[in-house]
Enquirer: 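Structure incoming, see below.
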Amino acid sequence: MTHDGLLHFGGIQIHVIAAVLLVLVAVAAGFDLKSRRIPNWLVLMGLITSLALQIIFSGIGGFKAWGLGLLVGFGVFLPLYLLRAMGAGDVKLMAMVGAFLGPVSALGAVLTTLVVGGALAIAVALRCGILKNTLKNIRFALTLALYKGLSGGGMQLEQPSTSAGNLPYAVAIAVGTLGHLLLVGSGRAVFA
């Protein structure tokens, strides 16, 4: 590792923060695939490690980047949890990703993750033969929310009576995070 925090693997350079983050989200994806759970200890370890790394590489400003990134990751995914579109572990994992990346890069990782998650959901629905049911559920939820909103009942999505399946969303978070890091330059631009 050089003084600028870059790790060198042959012709590839990656910032130590990005490398640690990728290992943690890969481990989380493995747990999610195996048990449909993301361990709290893994997220906590990631939050502590990200805070230490942010401060090491950015000084006291790293604390601000850490906190704001955590809030972005958590804040964008929290409504999806409240709508029962994802689990609490996914929200906590995205908060951890944000803590590593800082607020601006966290938002990019969130957006990339949402695109990957949508593609993964379609692929799983196609593979399981439930795409039609999934689309019906989406249409039902959106129609109900629109109806309630227009009738003054408040827009609230409700859980449909049938489910289209359970998606290990940590996989989407891992792939989305990797995709974001590749888009911003192999993990070199991970600070906001």
Side-chain angles (χ1 to χ4, degrees), residues 12 14 18-46 69 72-101 105-148 155-187 190:
I12 299 173
I14 186 168
V20 172
L21 172 58
L22 291 174
V23 168
L24 289 171
V25 293
V27 170
F31 274 106
D32 203 11
L33 282 168
K34 184 176 180 182
S35 66
R36 294 297 194 261
R37 298 256 184 246
I38 300 167
N40 286 331
W41 63 262
L42 180 68
V43 174
L44 181 61
M45 183 177 71
V72 168
F74 181 81
V76 174
F77 270 34
L78 181 62
L80 298 171
Y81 167 74
L82 295 174
L83 293 171
R84 298 182 193 162
M86 71 176 43
D90 303 320
V91 177
K92 292 183 273 187
L93 183 62
M94 198 69 227
M96 183 198 79
V97 169
F100 271 95
L101 297 177
S105 203
L107 186 57
V110 164
L111 295 175
T112 308
T113 295
L114 290 171
V115 169
V116 169
L120 183 60
I122 290 169
V124 168
L126 279 170
R127 182 174 175 258
C128 296
I130 58 173
L131 183 60
K132 185 176 180 180
N133 190 39
T134 301
L135 294 174
K136 281 182 184 179
N137 285 349
I138 292 169
R139 188 183 83 216
F140 172 78
L142 292 175
T143 303
L144 183 61
L146 181 62
Y147 174 75
K148 282 185 171 185
M155 291 189 70
Q156 178 183 353
L157 296 179
E158 294 182 15
Q159 188 75 13
S161 58
T162 59
S163 174
N166 189 357
L167 182 69
Y169 209 80
V171 173
I173 294 172
V175 174
T177 300
L178 173 62
H180 171 71
L181 292 173
L182 291 172
L183 287 172
V184 298
S186 299
V190 296

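Scope of the values below: all heavy atoms of this structure, side chains included, with no hydrogens, waters or symmetry mates. As the structure is a prediction and not an experimental result, all values here were calculated from the model.
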Enquirer: Locate the shortest heavy-atom distance separating G117 from L167; write the atom from each residue and the value.
Expert: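 In this case the closest contact between G117 and L167 is O-CD2, 4.1 Å.
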Enquirer: What are the two closest non-hydrogen atoms of P168 and L33, and how far apart are they?
Expert: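 Closest pair (atom of P168, atom of L33, distance): CG-CD2, 3.7 Å.
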Enquirer: Can you tell if the side chain of L120 reaches within under 4.5 Å of the side chain of V175, non-hydrogen atoms only?
Expert: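 Counting from C-beta outward, L120 and V175 never come under 4.5 Å.
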Enquirer: Between S105 and H180, what is the shortest heavy-atom contact and its length?
Expert: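 Answer, listing the atom of S105 first, then H180: OG-NE2, 2.6 Å.
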Enquirer: Calculate, to the nearest 0.5 Å, the distance between atoms CG and CG belonging to D90 and L78 respectively.
Expert: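 Going from the CG atom of D90 to the CG atom of L78 covers 12.5 Å.
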Enquirer: With a 3.5 Å distance limit and no angle check, can you tell me whether R84 reaches the backbone of Y81 through a side-chain donor-acceptor pair?
Expert: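 Here the side-chain-to-backbone pair does not exist.
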Enquirer: Do any side-chain atoms of residues 18-32 form donor-acceptor pairs under 3.5 angstrom with protein atoms, and if so which ones, sequence neighbours left out?
Expert:
unit_1, atom_1, unit_2, atom_2, d
D32, OD2, Y169, N, 3.1
D32, OD2, A170, N, 3.0

Enquirer: Rounded to the nearest 0.5 Å, how far apart are CE of M86 and CD1 of I173?
Expert: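 So the gap between those two atoms works out to 6.5 Å.
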Enquirer: Side chains of residues 37-44: which donor-acceptor pairs under 3.5 Å do they make with residues two or more places apart or in other chains?
Expert:
unit_1, atom_1, unit_2, atom_2, d
N40, OD1, K92, NZ, 2.5

Enquirer: Nearest heavy-atom pair of V72 and A106: which atoms, and what distance?
Expert: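 Smallest heavy-atom distance, with atoms named: CG1-CB, 4.0 Å.
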Enquirer: Nearest 0.5 Å, what's the CE-CG distance between M94 and L101?
Expert: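 Between M94 CE and L101 CG, I get 7.0 Å after rounding to 0.5 Å.
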Enquirer: Evaluate the side-chain proximity of F100 to T177: yes if any heavy-atom separation is below 4.5 Å, no if none is.
Expert: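 Not in contact.
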